[in-house]
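Computed over heavy atoms, backbone and side chain alike; hydrogens, waters and symmetry mates excluded.
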Amino acid sequence: MIKTDLTGINGVSRSLIHSKSTNKLMRQQKALQILSQTGNSKKRDSLSVSNSARNFSKERIAALIDSGVNLSGSELSFYFNNYHNSKAILDGINFGENVSCGYDPNFKEYGVMSFDYNGSRQIVPNYAVPKINTGSLSGIHAVNNSLVLKNKSYYAWTTPNGSRYTWAVNNGIVGWACSESLLAENTNQKGTNYKWEMRKASNILSALAQGKDLYGYNREEVLSVCKSIGFTTGFFSMDAGAGMHHYILQESGNVINVDKEIEKLNNMNLIEVGFKEGDTFSVYGNEYIIDSSGHINVSTDDKFTSTVIIYPSH
């Protein structure tokens, strides 16, 4: 790394830290030229920002000229404290909250990613975001119809054409890692980078990982995503940092939330709805007798052999 002093439009010398790469230095100089071109009379920051760079917020150009804009040094503290710690930078972005990034595709090296970290807003320049070696990551695969993903970890997602992308697991959110997805080129729904396809898969897996129902999701897409990670029809379970959740996958692509069905049965006073003490319910292949309080006691830890619930006849 080398340090270069450049003079901004107000005549004040600024210091830039950059690599020894000539190309990067040239890009930085070009960025300064774009920023210092004559803009309209309305100033967003203490700098006069050119029309071509006006879509950049002060936070996003702070990576280049942090002393030229009204930016608190505390917002760069995480980046400076972890300047040589690539893992910390990646984890801060991918496992932080309210992660955002905006850029012009021709100028994205000079934007930043911003995120909430330990209660404060932090900024990391786009050009300083490390690239993850997806080839070194484990894939997302169920074993015996159970998918267990380690929280705050990275995995590889393989698209239908064989391309691999880095996915992150964060408290029940499963999907393309922000450190890479937010810097990917924008595409339409048929984009060759499978951005939209991965978003659909992420939404489905994240819902399952959080114990949510899949009402409203396209059943063919649900079935396709489930099969792609090794779920077969019948009972399956998933844990991705938000607890273990249990489901039944039907051939139609419909998914039954077993946890919610059991909770509903256990909370219901069955005598009040017309059944009597001693009646027997068959719940997913196991028999449970209504007690004197009008309840049965089913556990998700029970071993089930059927995918149906049979109510006692009146």
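A donor-acceptor pair under 3.5 Å links the side-chain atoms of Asn257 to the main chain of Gly211, judged by distance alone. With hydrogens and angles disregarded, a donor-acceptor distance shorter than 3.5 Å links the side chain of Thr159 to the backbone of Ser163. Formation of a donor-acceptor pair under 3.5 Å by the Ser224 side chain with backbone atoms of Glu220 is not found in this model. Of the possible polar contacts, one joining the Ser202 side chain to the Val174 backbone as a donor-acceptor pair under 3.5 Å is found. Put simply, the side chain of Ser146 never gets that close to the backbone of Val143: no donor and acceptor are under 3.5 Å apart. Without hydrogens or angle criteria, Asn266 side chain to Val298 main chain gives a donor-acceptor distance under 3.5 Å. Listed for the Arg164 side chain is no donor-acceptor partner under 3.5 Å among the backbone atoms of Gly139.
Residues Val255 and Leu208 form a side-chain contact, since some pair of their non-hydrogen atoms from C-beta on lies under 4.5 Å apart. Using a 4.5 Å heavy-atom threshold, the side chains of Ile89 and Pro130 count as touching. The shortest side-chain heavy-atom distance between Trp157 and Ile229 falls under the 4.5 Å cut-off. Using a 4.5 Å heavy-atom threshold, the side chains of Val258 and Phe236 count as separate. Put simply, the side chain of Lys131 reaches to within 4.5 Å of the side chain of Glu180, judged on heavy atoms. The shortest distance between side-chain heavy atoms of Cys226 and Val222 falls below 4.5 Å.
For Tyr79 and Tyr117, the distance between ring centers is not under 6.0 angstrom. Aromatic rings from Phe281 and Tyr288 are positioned such that their centres are separated by 6.0 Å or more. Proximity of the aromatic rings of Tyr284 and Phe235 is defined here by a centroid distance below 6.0 angstrom, and this criterion is met.
A salt bridge between Glu261 and Lys264 is present, with a side-chain N of the basic residue lying under 4.0 Å from a carboxylate O of the acidic one. Classification of Lys152 and Asp91 as a salt-bridged pair fails, no side-chain N sitting under 4.0 Å from a carboxylate O.
Expressed to the nearest 0.5 Å, how far OH of Tyr247 lies from NE2 of His245 amounts to 5.5 Å. Separating the NE2 atom in His246 from the CD1 atom in Ile256 is a distance of 15.0 Å, to the nearest 0.5 Å. To the nearest 0.5 Å, atom CD of residue Glu221 and atom NZ of residue Lys200 are 4.5 Å apart. Distance CD/Glu263 to OG1/Thr300: 10.5 Å, rounded to 0.5 Å. Rounding to the nearest 0.5 Å places OH of Tyr154 at 14.5 Å from CG of Leu149. Note that CG of Leu249 is 5.5 Å distant from CG of Leu223, once rounded to the nearest 0.5 Å.
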For this session: Could you check Val124 against Phe115 for side chain to side chain contact (heavy atoms under 4.5 Å, CB included), going step by step and ending with a plain yes or no?
Result: CA-CA 9 Å; Val124 172; Phe115 54 95; 3.8 Å; yes

For this session: Check the pair Gln250 / Thr233 against side chain to side chain contact (heavy atoms under 4.5 Å, CB included), numbers first and verdict last.
Result: CA-CA 5 Å; Gln250 299 179 324; Thr233 54; over 6 Å; no

For this session: Could you walk me through whether Ser252 and Asn254 pass the side-chain hydrogen bond (donor to acceptor under 3.5 Å, both in side chains) test, one step at a time?
Result: CA-CA 5 Å; Ser252 64; Asn254 181 49; 5.3 Å; no

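Within a 6.0 Å radius of CG in Asn144, no more than 12 heavy atoms belonging to other residues, nucleotides or ligands are found. The environment of Lys260 atom NZ is dense: over 12 non-hydrogen atoms of other residues, nucleotides or ligands sit within 6.0 angstrom.
If you check the side chains of Asp291 and Ser293, you find a donor sitting under 3.5 Å from an acceptor. Between the side chains of Asn145 and Thr232, at least one donor N or O lies within less than 3.5 Å of an accepting N or O. No side-chain donor from either of Asp302 and Asn286 sits under 3.5 Å from a side-chain acceptor of the other. For the 3.5 Å distance criterion, the side chains of Asn151 and Asn171 qualify, holding a donor opposite an acceptor. Side-chain contact annotation: Arg121 with Ser100, donor-acceptor N/O pair under 3.5 Å present. Of the N and O atoms on the side chains of Ser179 and Asn94, at least one donor lies less than 3.5 Å from an acceptor on the other residue.
Checked against Ile296 for a side chain to side chain contact (heavy atoms under 4.5 Å, CB included), the options Leu265, Ile289, Ile262, Asp279 give a single hit: Leu265.
Using a 4.5 Å cut-off between side-chain heavy atoms of Ile, Leu, Val, Met, Phe, Trp and Tyr, with links allowed through other members, Tyr83 and Ile93 fall into the same hydrophobic cluster. In the hydrophobic clustering of ILVMFWY residues, with side-chain heavy atoms under 4.5 Å counting as a link, Ile271 and Tyr311 come out together. Met244 and Ile204 fall into different hydrophobic clusters, where Ile, Leu, Val, Met, Phe, Trp and Tyr residues are linked whenever their side-chain heavy atoms come under 4.5 Å apart, directly or through other members. One hydrophobic cluster, built from ILVMFWY side chains closer than 4.5 Å, cannot hold both Ile173 and Leu205; they sit in different ones. Hydrophobic clustering of Ile, Leu, Val, Met, Phe, Trp and Tyr side chains at less than 4.5 Å, counting indirect connections, unites Met113 with Phe80.
In terms of heavy-atom proximity, Phe95 sits nearest to Ser153 at CZ-N, 3.6 Å. Counting all heavy atoms, side chain and backbone alike, Ala207 lies closest to Tyr217 at CB-OH, 4.2 Å. Between Gly96 and Asn170 the shortest heavy-atom distance is O-ND2, 4.1 Å. Of all non-hydrogen atoms in Ala242 and Ala209, the two that sit nearest each other are CB-O, 3.6 Å. Residues Phe231 and Ala142 share a closest heavy-atom pair of CE2-CB, 3.6 Å.
Ring planes of Tyr165 and Trp176: perpendicular class, angle over 60° (limits at 30 and 60°).
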